[in-house]
Amino acid sequence: MKLNRRGFIHRVSLGVFTVALGSSAIPRLAHAVALPNDIQRAKDKKNLAGLEKEHTPILKVPLVAEDGRVVPVEMTLDHPMENDHYIESVTFVVIDDPIASKCMYNFTPQSGKPFLKFQTRMDAGTKTVSAIIQCSKHGRWVGDAVMRIVGGGC
Amino acid sequence: MARRKSPKIKIVNKIKKGDVLEVQVSQKYPSSTGLGLFPDSEEFIRKEPAIYLNKMTAYYNGKEVGSLDMSSAISANPRISFPLKVDKPGTLKVVFTSNEGEEFESTKEIEF
């Protein structure tokens, strides 16, 4: 089967998605999922340098969410959106959640600025939300935020 | 099956030529993950099929300008905000599809 670049990225980014959701045929859902190991991460989140500044997604989530059925998530990034250099996609993952992969937005240069807001379901507990962006020139980068969910929403 | 309404499209900021708009879209849809807890444990099992919106696609003047692939973890009645840079007036169309094959769409005219 032939895959174009976007199709390949989509499949790899959503690898955890397949693991978590593809398990519907077996009784228990898989929890042992992990982010792909070629993702770049800022060395010091408080002191971003060089490419890290343009490629580390900034996540806005509440510190504590009472209702796990509607957890607000917002991602912004200061990155150019030009025809030959732009953010192609952002994928949201919560590794240890029953449904690890939340969603993936595919941007175009006409998006103008990479940002996205949505609400998602999460299980109760302390969770790390990860946003993985795909830059057309500089590969994949991740940014994350930790929060606590009081009432599970799965 | 109950007839569902079309999505609502709202432009959050003031519309100016060349600006990046924040487009807020909401769609009434009672999604469900279909998960439940395994008896006497804290592990989830699939109890019933998931029902959810699995895709949102935005078009401006007929050209695709963004799309969102969703899992069943996206909340019921989702409200999604995404960016759109507009250089000329046109028609914004948003289409949602569900994993059961339903389709919902709305359009909004963008004028300066």
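Lettering of chains follows the sequences in order, A, B, ..., and the numbering in each one begins at 1.
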(message) Working note: B:Asp69 + A:Asn106, criterion side-chain contact (heavy atoms from CB on, under 4.5 Å); need CA distance, chi angles, decisive distance, verdict.
(response) CA-CA 8 Å; B:Asp69 296 310; A:Asn106 301 294; 3.5 Å; yes
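Contacts of B:Lys47 with chain A are absent, with no heavy-atom separation under 4.5 Å from either backbone or side chain. Neither the backbone nor the side chain of B:Gln24 comes within contact range of chain A, judged by heavy atoms closer than 4.5 Å. For chain A, the nearby part of B:Ser32 is the backbone; its heavy atoms alone come within less than 4.5 Å. For a residue to count as touching a neighbouring chain, one of its non-hydrogen atoms must lie under 4.5 Å from one of that chain's; by this rule B:Ala50 does not touch chain A.
The two residues B:Ser71 and A:Ile99 come nearest to each other via the heavy atoms OG-CG2, 3.6 Å. For A:Ser101 against B:Ala73, the heavy-atom pair with the smallest separation is O-CB, 4.3 Å. When every heavy atom of B:Glu64 is checked against every heavy atom of A:Thr108, the shortest pair comes out as O-CG2, 4.0 Å. Nearest heavy atoms, A:Asp123 versus B:Phe44: OD2-CE1, 3.3 Å.
Ranked by heavy-atom pairs under 4.5 Å with chain A, the list B:Gly18, B:Ser31, B:Pro49 is led by B:Ser31. Most heavy-atom pairs under 4.5 Å with chain A, from the set B:Leu21, B:Val23, B:Leu37, B:Val65: that is B:Val65. Among the candidates A:Val71, A:Leu116, A:Thr120, A:Val73, the residue making the largest number of heavy-atom pairs closer than 4.5 Å to chain B is A:Thr120.
Interatomic distance, OG of B:Ser75 versus CZ of A:Arg69, reported as 9.5 Å (0.5 Å rounding). Interatomic distance, A:Lys113 NZ to B:Lys85 NZ, rounded to the nearest 0.5 Å: 12.0 Å. Atom-to-atom distance recorded for B:Leu35:CG and A:Cys154:SG is 6.5 Å, nearest 0.5 angstrom. Taking CD of A:Gln119 as the reference point, atom CG of B:Asn77 lies at 9.5 Å (rounded to 0.5 Å).
By the rule that hydrophobic residues join a cluster once side-chain heavy atoms approach within less than 4.5 Å of another member, A:Val70 and B:Tyr52 end up as members of separate clusters. Linking Ile, Leu, Val, Met, Phe, Trp and Tyr whenever their side-chain heavy atoms come within less than 4.5 Å puts A:Val90 and B:Leu68 in one cluster. Hydrophobic clustering of Ile, Leu, Val, Met, Phe, Trp and Tyr side chains at less than 4.5 Å, counting indirect connections, unites A:Val94 with A:Phe92. Residues B:Val95 and B:Ile110 do not share a hydrophobic cluster, defined by chaining ILVMFWY side chains whose heavy atoms lie under 4.5 Å apart. Cluster annotation: B:Val20 is not connected to B:Phe82 through the hydrophobic network of ILVMFWY side chains, with a link wherever side-chain heavy atoms come within less than 4.5 Å.
Contact of the A:Met81 side chain with the B:Pro83 side chain is not registered, since no non-hydrogen atoms from C-beta on lie closer than 4.5 Å. Counting only heavy atoms from C-beta outward, the side chains of A:Tyr105 and B:Ile80 never approach each other to under 4.5 Å.
At distances below 3.5 Å, not a single donor-acceptor pair connects side-chain atoms of B:Ser81 with backbone N or O atoms of A:Lys117. Between the side chain of A:Ser111 and the main chain of B:Leu84, no donor-acceptor pair closer than 3.5 Å is present.
For the side chain to side chain donor-acceptor pair (under 3.5 Å) condition, the pairs that include at least one residue of residues 103-112 of chain B, sequence neighbours left out, are B:Thr91-B:Glu109. Evaluation of the ring pair (Phe, Tyr, Trp, His ring centres under 6.0 Å) test over residues 54-75 of chain B, restricted to residues two or more places apart or in two chains, returns none.
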